[in-house]
Every structure is written in C-alpha cells, then in structure tokens.
Amino acid sequence: MEKVFRNYNDIDVNAAVREHYRKMRERQTFEYVQRMHRKYLKFNKPMDLWEAMDHLNDLIDVSDPDLDLPNVQHLIQSAEAIRSDNRPDWMQLVGLIHDLGKVMFLWGSDEDGTSQNEQWGMVGDVFVVGCALPESCVYPEFNKLNPDMSDSRYNSELGIYEEHCGLDNLTLAWGHDEYLYQVLKHHKDNLIPEAGMVMIRYHSFYPWHSGGSYTSLLCAKDKEYLNWIRDFNKYDLYTKCNKIYDLNEIKDYYLPIANKYLGTGPIFW
Ligand SMILES: [Fe+2]
Ligand SMILES: [Fe+2]
C-alpha cells in the first residue's frame with residue numbers, strides 16, 4: 001500500500017499530535033509571538049553548525065505524525081533526496097539545515113512551548129497572528145480557542161494588516177522556521193540565495209502553501225515564493241523513511257557546501 005503522509009486521522013499517533021495543536025492554537029496569540037521575538041531573537045549565543053546538528057539527535061518532533069526518529073535524521077534524509085536529484089548545492093544545504101531552528105529547545109522552557117516536553121512554540125504548521133484563523137488550519141475546530149479570535153483587533157480577515165501587504169510583512173506563529181530565518185539573516189557570512197531563505201522561513205506555513213488561504217494578504221511576489229516552497233516541500237515531506245544515517249559520514253560531503261554559504265565561524269543563535 002502506498003504510504004499516506006500527514007494523516008491526522010490515525011488514532012494512535014494522534015492523541016499527542018492533536019493535543020499539541022490544541023495548545024498551539026490556544027496559546028499562539030499576537031501578544032505571545034511579540035514576546036517570543038523579544039526573548040529569542042538576541043543572536044548572542046555562538047554555536048557551530050555541526051554542534052547544532054548534533055543537538056537535534058536529542059529531539060523528536062511531536063507534531064510530525066510521520067516520523068519518530070531524531071530530527072537530525074529527517075534533515076539528512078531531506079538533504080540526500082535533494083542531492084540525489086542533482087539540485088543546486090545551496091538547496092542541498094537548505095535541506096540539511098531547514099529545521100535547525102529547533103535547537104531553541106536548548107534554551108527554551110515548558111511555559112514558552114519551546115522545550116522537549118512542550119513543543120507548541122517550536123514545531124507544527126504555522127498560521128498568521130493578528131488576523132482571522134482560516135479553516136484550512138489542521139484541526140480547525142481549535143481555532144475558536146485562540147483568545148485573539150474574540151478580539152476585534154485581530155479576528156477579521158485582514159486584522160492588523162493592509163490588503164495585499166505580502167508575506168514578508170505578516171507575523172507568523174512562533175516556531176523553528178522564523179527562528180532559523182532570523183538567525184541566518186543576522187549571520188554576517190550568510191550567502192544562501194533568496195529562494196533558500198524563503199524555503200527556510202515558510203516551509204511550515206501549510207494554510208498558505210497547501211491550504212490556499214490568506215489570498216487577500218498576498219502580493220505579486222508571493223507567487224514566486226509559492227513555487228519555491230512547493231519545490232522544497234516535496235523533499236521535506238516525501239523523503240521521510242526509516243533509513244538511519246551517520247552525521248559524521250555525510251559531513252565530508254556537506255562541510256564544504258556549508259562553508260561556502262555560511263562561512264567557517266560559529267552561528268549566533
Ligand atoms: Fe520544519
Ligand atoms: Fe522538515
């Protein structure tokens with residue numbers, strides 16, 4: 001039988017995944033996201049890329065119904081699939097690092113949802129905060145639990161945003177995508193092309209890239225973003241398998257690519 005991905009109806013996997021999304025929908029408010037930006041976007045903790053990769057050996061993403069392996073395995077699987085399709089070296093690197101923002105669990109907390117035990121501020125499909133939640137969110141029945149949905153500033157179609165202001169002007173639920181994007185944007189040696197940075201920043205934004213929501217907020221440029229994301233997403237999603245790689249073995253191949261696009265010094269988290 002062909003494997004079905006992102007099946008949220010499997011009872012076993014699902015109690016935990018569903019509970020994760022209930023907390024995420026309930027607690028990721030506009031105010032919470034502002035607070036997380038102030039708290040986590042400090043860029044004052046130096047750590048080598050490979051050390052960060054190593055730390056993801058200790059983390060299993062609770063929001064992912066398809067994978068129960070340490071997150072670093074998913075990163076290597078994505079990168080290897082991109083490599084075997086002979087895609088550009090920078091895209092292979094993006095596959096390898098796209099979930100690295102999850103290292104925030106090292107300095108995260110249960111109350112922020114950024115820990116091993118509480119991951120609702122770190123992983124899972126994200127949505128826009130500051131405007132109405134769309135029905136395309138996974139478990140849309142949880143939308144009404146979000147306090148912003150009974151706040152007239154935030155619960156209309158446009159909310160706090162201007163019509164067609166574009167993706168880059170929206171604030172998304174706090175998580176690993178935005179964290180890594182901001183860390184790399186502030187990294188002085190970053191040469192990852194724009195398409196790669198977009199893949200990093202928006203890969204968890206399913207209600208937009210797969211659900212087709214938020215059309216009144218998008219601008220012309222976002223059509224290009226959508227092509228990039230859809231191209232990347234097949235490697236993020238369909239490469240999940242149980243093959244185990246050794247980080248040290250694949251490092252020989254990826255190290256020169258990482259050095260080319262990110263330099264050789266530490267990254268400031
Ligand atoms: Fe991710
Ligand atoms: Fe991923």
Side-chain angles (χ1 to χ4, degrees), residues 3 5-8 13 17 20-21 24 28 33 36 40 49 52-53 55-85 87 90-106 108 113-116 118-127 137-138 167 172-185 192 195-211 225-226 228-245 247 250 254 269:
K3 185 161 170 28
F5 289 91
R6 294 176 66 81
N7 179 2
Y8 289 95
V13 201
V17 176
H20 168 85
Y21 276 104
M24 186 177 182
Q28 289 253 6
V33 175
M36 294 305 107
Y40 288 89
L49 180 75
M53 294 285 295
H55 283 299
L56 286 200
N57 259 320
D58 299 328
L59 187 75
I60 291 172
D61 183 332
V62 292
S63 74
D64 191 337
D66 301 322
L67 198 71
D68 51 11
L69 289 173
N71 218 249
V72 70
Q73 292 297 330
H74 162 61
L75 290 178
I76 300 170
Q77 288 170 5
S78 304
E80 289 286 278
I82 296 168
R83 176 185 174 187
S84 70
D85 276 358
R87 306 302 302 274
W90 60 263
M91 191 171 169
Q92 298 173 29
L93 177 66
V94 165
L96 188 71
I97 67 172
H98 73 276
D99 282 340
L100 217 49
K102 295 175 189 174
V103 293
M104 80 168 105
F105 84 96
L106 294 174
T114 54
S115 67
Q116 178 102 243
E118 296 286 348
Q119 300 185 12
W120 53 268
M122 190 162 68
V123 303
D125 302 0
V126 296
F127 45 85
C137 287
V138 61
L167 261 185
L172 300 186
W174 178 243
H176 67 283
D177 305 48
E178 182 68 12
Y179 185 45
L180 182 64
Y181 170 79
Q182 291 293 343
V183 164
L184 294 180
K185 193 180 140 189
I192 294 173
M197 292 298 282
V198 165
M199 291 167 186
I200 288 169
R201 192 176 198 182
Y202 298 115
H203 71 268
S204 299
F205 192 13
Y206 277 85
W208 161 65
H209 68 60
S210 300
Y225 282 19
L226 190 59
W228 290 336
I229 285 287
R230 290 200 168 149
D231 183 23
F232 175 75
N233 190 241
K234 45 184 195 281
Y235 299 105
D236 191 12
L237 193 54
Y238 299 112
T239 57
K240 287 167 185 172
C241 58
N242 288 323
K243 178 167 179 185
I244 304 290
Y245 292 89
L247 183 59
I250 59 108
Y254 290 100
W269 301 85

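One-based numbering, in listed order, for ligands and for the atoms of each. Bear in mind that the values here come from a model prediction, so they are computed numbers and not experimental data.
Between W269 and Y179, the ring-plane angle classifies as tilted under the 30° and 60° cut-offs.
Shown here are the protein N/O/S atoms lying under 2.8 Å from the Fe ion (ligand 1), water excluded: D99 OD1, H176 NE2, H203 NE2.
Looking at residues two or more places apart in sequence or on another chain, you find no salt bridge (Lys or Arg N to Asp or Glu O under 4.0 Å) involving K243. The salt bridge (Lys or Arg N to Asp or Glu O under 4.0 Å) test applied to R230 returns no partner, not counting sequence neighbours. Applying the ring pair (Phe, Tyr, Trp, His ring centres under 6.0 Å) test to W120 and every residue at least two apart in sequence or in another chain returns Y32.
When only modelled atom types and interatomic distance are considered, D177 and H98 share no side-chain donor-acceptor pair under 3.5 Å.
Between A195 and W90 the shortest heavy-atom distance is CB-CH2, 3.8 Å.
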